[in-house]
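In what follows, a single structure is set out as C-alpha cells and then discussed.
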Amino acid sequence: MAKDCSFDIVSEFDRQELVNAIEQTKKDIQSRFDLKDSNSTVELESDKTITITTNDDMKLKNIVDILQSKMIKRNLSIKILDPKTPENALGGNIRQVFELKKGLSQDLAKKIVGAIKDSKLKVQASIQKEQVRVSGKSKDDLQDVIKLLKEKEDAFNIPLQFTNYR
C-alpha cells in the first residue's frame, strides 16, 4: 500500500522578529537627525496592527521605509503589511495603520486550491481553517505544487510558507 505524502500551505510570520524590527525602527527614529524631535511613534498593537504616528507625510514615508528595510533584514516579507489610508491625529500629526496579514482567508484558500487543480497535477488540496493541506502519492508532484505556488505568490499578494512536509 502506497503511503500518501502531504504538506500544509500557511501564511505566518515570526512575531519575535517583527518585534525586533519595530524596536530597531524606534532606535533609528531616535538617532536620525531628520526624525529626532518629531515625536514619532511606532507601535505594535495586539499582533494585529502596527500604528505609525508622526508630524508630516515625508517623515511618515521615511519611517515606513526604515520599518520595511528592518523587516527585510530579518527575513520578514513586507507583504504581511496591509496599509490603510493615512489619517489626521491629535496635535496636527498624521497616523497610518498597517494591518498584519496572518493566515489564509477563505477566498485566498479557494484561489490556491483552484490554481492547484488547474495545474492538473495528481494531488488533492483541501482547505482546513486558515491553511490548505495538499496530499498526493508522489513527492515529486508535491514539489511541483510548491514550485507552482512560489511562481504565483505575487498574484496572491501574501507570503506563503510550506510546513509539515511528510
Side-chain angles (χ1 to χ4, degrees), residues 7-116 125-134 146-165:
F7 70 90
D8 296 331
I9 304 167
V10 297
S11 180
E12 299 173 342
F13 57 86
D14 185 344
R15 183 193 182 285
Q16 187 57 51
E17 290 296 337
L18 182 63
V19 168
N20 292 342
I22 290 171
E23 290 302 317
Q24 286 182 331
T25 302
K26 288 178 181 179
K27 286 181 183 177
D28 268 19
I29 290 171
Q30 291 172 352
S31 64
R32 276 187 46 167
F33 179 75
D34 60 337
L35 300 173
K36 195 179 260 184
D37 295 325
S38 65
N39 295 329
S40 301
T41 61
V42 180
E43 301 296 327
L44 176 63
E45 297 168 6
S46 70
D47 294 346
K48 298 211 185 302
T49 61
I50 296 174
T51 304
I52 300 174
T53 307
T54 189
N55 294 355
D56 58 50
D57 288 332
M58 190 62 168
K59 289 180 179 136
L60 178 65
K61 182 182 177 307
N62 289 341
I63 293 170
V64 171
D65 287 345
I66 293 169
L67 176 62
Q68 289 177 343
S69 69
K70 299 299 180 189
M71 288 175 62
I72 290 169
K73 286 181 183 172
R74 296 193 158 275
N75 294 323
L76 291 169
S77 174
I78 59 173
K79 290 180 184 177
I80 66 171
L81 298 176
D82 184 16
K84 300 300 173 196
T85 307
E87 55 192 34
N88 292 329
L90 291 174
N93 288 340
I94 189 166
R95 176 189 311 124
Q96 182 158 20
V97 175
F98 292 90
E99 288 186 3
L100 298 173
K101 297 178 190 175
K102 189 171 188 175
L104 300 176
S105 67
Q106 285 293 90
D107 290 341
L108 185 60
K110 287 177 184 175
K111 285 181 188 176
I112 291 171
V113 169
I116 293 170
S126 61
I127 300 171
Q128 299 178 344
K129 293 187 182 175
E130 293 186 342
Q131 66 184 20
V132 175
R133 173 153 298 160
V134 179
I146 291 173
K147 182 180 174 193
L148 169 82
L149 292 176
K150 282 186 178 179
E151 290 170 359
K152 292 188 170 203
E153 190 172 12
D154 286 338
F156 299 134
N157 199 28
I158 193 165
L160 299 175
Q161 293 87 33
F162 307 100
T163 60
N164 295 336
Y165 191 86

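Along the sequence shown, residues are numbered consecutively beginning with 1.
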Residues two or more places apart in sequence or in another chain: which of them pass salt bridge (charged side-chain N to carboxylate O under 4.0 Å, His left out) with Glu99? Lys84
Residues forming a salt bridge (charged side-chain N to carboxylate O under 4.0 Å, His left out) with Lys152, sequence neighbours excluded: none
Do [X] and [Y] touch side chain to side chain, with heavy atoms closer than 4.5 Å?
X      : Y      : result
Gln128 : Ser126 : yes
Ile50  : Gln96  : no
Lys70  : Ile22  : no
Ile146 : Tyr165 : yes
Ile72  : Ile78  : yes
Ile29  : Ile63  : yes
Pro159 : Glu153 : yes
Gln68  : Asp65  : yes

Could you give me the CA-CA distance, side-chain angles and deciding distance for Phe156 and Ile112, then say whether side-chain contact (heavy atoms from CB on, under 4.5 Å) is met? CA-CA 8 Å; Phe156 299 134; Ile112 291 171; 3.9 Å; yes
Got a second to check how far [X]'s [atom1] is from [Y]'s [atom2], nearest 0.5 Å?
X      : Y     : atom1 : atom2 : value
Thr51  : Glu87 : OG1   : CD    : 8.5 Å
Asp47  : Leu18 : CG    : CG    : 8.0 Å
Asn164 : Phe7  : CG    : CZ    : 11.0 Å
Ile52  : Thr49 : CD1   : OG1   : 11.0 Å

I'd like to know whether Phe98 forms a side-chain contact (heavy atoms from CB on, under 4.5 Å) with Val64, so could you lay out the CA-CA distance, the side-chain angles of the two residues, the decisive distance to 0.1 Å, and finally the verdict. CA-CA 10 Å; Phe98 292 90; Val64 171; 3.7 Å; yes
Salt bridge or not for [X] and [Y], using N-O below 4.0 Å?
X     : Y      : value
Glu12 : Lys102 : no
Asp8  : Arg133 : yes
Lys59 : Asp34  : no
Arg74 : Asp14  : no

Apply side-chain hydrogen bond (donor to acceptor under 3.5 Å, both in side chains) to [X] and list each qualifying residue two or more places apart in sequence or on a separate chain.
X     : result
Lys26 : none
Asn88 : none
Asp56 : none
Asn20 : Gln16

Which is it for Arg95 and Leu60 under the side-chain contact (heavy atoms from CB on, under 4.5 Å) test, yes or no, and what are the steps along the way? CA-CA 8 Å; Arg95 176 189 311 124; Leu60 178 65; over 6 Å; no
Under the side-chain contact (heavy atoms from CB on, under 4.5 Å) rule, what do Leu104 and Val10 come out as? Steps first, then yes or no, please. CA-CA 7 Å; Leu104 300 176; Val10 297; 5.9 Å; no
Taking all non-hydrogen atoms of both residues, which atom of Gly103 and which atom of Ile158 are closest, and how far apart? O-CD1, 3.8 Å
